[in-house]
Every structure is written in structure tokens, then in C-alpha cells.
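Quick notes on the structure that follows.
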Amino acid sequence: VLCWFYIFPVYRLPRDKDIVEEVLRQGEAWQKNQTGIDHYRKLLTECCEPRKMFAVTKENSPMGKVLWYDGEFYHSRTVNNETYPLFVQENPLQLPLKKCAVVGNGGILRNSKCGRDIDQADFVLRCNLPPLSKDYVEDVGTKTHMVTANPSIVEKRFQNLLWSRKAFVDSMKVYGSSYIYMPAFSMKPGTDPSLRAYYALADTSSNLTMLFANPEFLRSVGKFWKGRGVHAKRLSTGLFLVSLALGLCEEVTAYGFWPFSVGLDEQPVSHHYYDNILPYKWFHAMPEEFVQLWQLHKSGTLRMRVGCCP
Ligand code: CDP
């Protein structure tokens, strides 16, 4: 038995209840730790070069470059005449970004009144084209500078853009003139919907700028967290964005990260702030990720908002 333990050390994740209790004990007390922030930015720069690599650019992906899909085994796409013109020249962001708000989609945002706080950030990052309608403004704000879009959303919500390009373009208007960040080269079936989304926006002179997530960056961030005990098949979108923000921003606050069904007040919490559709089990390891984020909160490296905003 000892031997077995030695080969496969048992990794025990605290129970959800223990995590909730620990957060309650700690409260939202937070003290910024500049050394911690600098240290983390350095670690992320060394592993993943977010400034240079987070998006596919003409600079990091010239013609002929082989892009290896990060979510598939041994699949690649070579940059050619068809794809190269769709890439931005280089990282388009004015760096460093100052105060960043990363907004996850957790139900904990409901009635949080965090909208104003979020909108006060210099750069707001959101996940998966979330709803920003009037009903939610007070809790999640209105501003967006970068929003991720999974190709599967384009497929399901917009019928793969085969006949509903207008509905797609119209529904993108709530994100103003932000960057739309799509993992076009993560899974093979995601490439075509992503390219179609690019053309739908370009053909209508939309204010949004498409950025394709660089699969090399996504892979290196995945490895970074694997080395820190996040064992999911794939990181959640939110953790990718937090990692990006830690690499690009001077200060990061995260909202809407709470993958538990009970809140700090022991009342039930829905999975999203807009619905209660649960994720496909075992694909992500959100509680595991939360433990990591909470460690960073405790060390003053980023701030987690898990309750109401003042
Ligand atoms: O695409 P994915 O299922 O990862 O994300 P989502 O459900 O659209 O939510 C966006 C992000 O918010 C997730 O990737 C998580 O990082 C975070 N989240 C959370 O921490 N707790 C929840 N209850 C829901 C989402």
C-alpha cells in the first residue's frame, strides 16, 4: 500500500464545504502585495509570454508557421493566404494595463451590486459572450474591453452563422468596441465557426476586433497550472483570462468566480448569474481552480470579490 501511495500520491481536494468555510473565516479582507504581483507576472512571463503570445498575430505566426491545436492530439493548421490576412499585426493592447476586472459568470454575481465597481476598472474582461441586458447591469456592469467567445456558442446560439449573421452582429453590439477573443485553433471543429465569426464582423464594419487565441499560449498556460495542481482536462475560460490579466495588468480583481452551489450566507447559488445550466462534469475542475485563485487572493496577488460590493 505504501508503495502505491508513493507512485500515485493521493491528491485530496478540500470539500466544497471546507472551502466555503475557509473563505468565510478569511472574509474579504485583502491587502495588495506588490512583491507577489511582480513575482507572478515574472512566472507567467517566463512560462507563457502573454504580452507577445496571447493572440495569434502576424508577428508570432507568419506565413508557413504551423499552429498546433492545443485541445487536439496531433492536429495542426499551417498559416496560409486564407488565414494570415485575418491576424492582427502585433499585440494591439496598450501595455501595461492598469486596473483590470476579470468577470466570471458565477451566480454569485446576482444581487452583488458589483456593476459600478467593475465599470470603474480600466480594462474589463468577460467570458463567453455573457448577457449584459438591463436586468444585470447593476450586478455586472456595462463596460467590456475583451470578451471570449467559444466557437461552440457560434454554432449553437447562432446556427453556425450559416443564415443568422445579422442576429450575431446585432447581439455583439453590447460589447461596444471591444476585442473578441476566440480559441479558433484549439479544437479542429472550432476553426470554421471562428473564421465565419471574423467575416460576419468584418463584412458589417463592426466595431469589434477579432483576436484569435494563440494555441501555444493556451497550452503553456495549461501546463503552468497543471504544475500547480489543477488537474482538469482543460482549464476554464475564466482561469485563462485571470492568467492573461496577471501577465498584462498592474492590478487584477476577479468577480463571479464561485463554483459552489451554496453561497457564504448558506443560501443556494445558481451556476451562472443568468441561468443554472451546469457544466459538463469532469471537463473543468472549477473548485480546484478556485482554491488556486483563493491562494492568490490571500497572498495579495489578485483580489477576489465573492460577496457584495460596497
Ligand atoms: O466556458 P466555461 O464553462 O468555462 O465558463 P462559463 O460557465 O461561461 O463561466 C465563465 C467562467 O467563470 C468559468 O470559466 C469559470 O472560471 C468561472 N465560473 C466560476 O468560477 N463559477 C461559476 N459558478 C461559474 C463560472
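Indexing begins at 1, ligand by ligand and atom by atom, following the structure's order.
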Less than 3.5 Å between some nitrogen or oxygen of N128 and one of ligand 1, yes or no?
yes
Would you say ligand 1 has an N or O under 3.5 Å from any N or O of G106?
no
Quick check: are the SG atoms of C309 and C114 less than 2.5 Å apart?
yes
N105 N/O under 3.5 Å from ligand 1 N/O:
yes
Relative to the heavy atoms of G104, which atoms of ligand 1 are at a distance of less than 4.0 Å?
12 (O)
Which atoms from ligand 1 have a heavy atom of C127 less than 4.0 Å away?
10 (C), 11 (C)
Given that the side chain starts at C-beta and the backbone is N, CA, C, O, which of these parts of S236 lies under 4.0 Å from ligand 1, counting heavy atoms, or is it both or neither?
both
If you look only at pairs with a residue in residues 89-110, which of them pass as a ring pair (Phe, Tyr, Trp, His ring centres under 6.0 Å), with sequence neighbours excluded?
none
Among residues two or more places apart or on two chains, list those pairs meeting side-chain hydrogen bond (donor to acceptor under 3.5 Å, both in side chains) that have a residue in residues 173-185.
D170-K173
Where on F260 is there a heavy atom closer than 4.0 Å to ligand 1, on the side chain, on the backbone, on both, or on neither?
neither
Do the rings of Y273 and Y136 sit parallel, tilted or perpendicular, given the 30° and 60° boundaries?
perpendicular
Report yes or no: do S61 and Y84 form a side-chain donor-acceptor pair below 3.5 Å?
no
Run the salt-bridge test on E22 and K298 with the 4.0 Å N-O cut-off and return the result as yes or no.
yes
If we only count N/O pairs under 3.5 Å, is T237 in contact with ligand 1?
yes
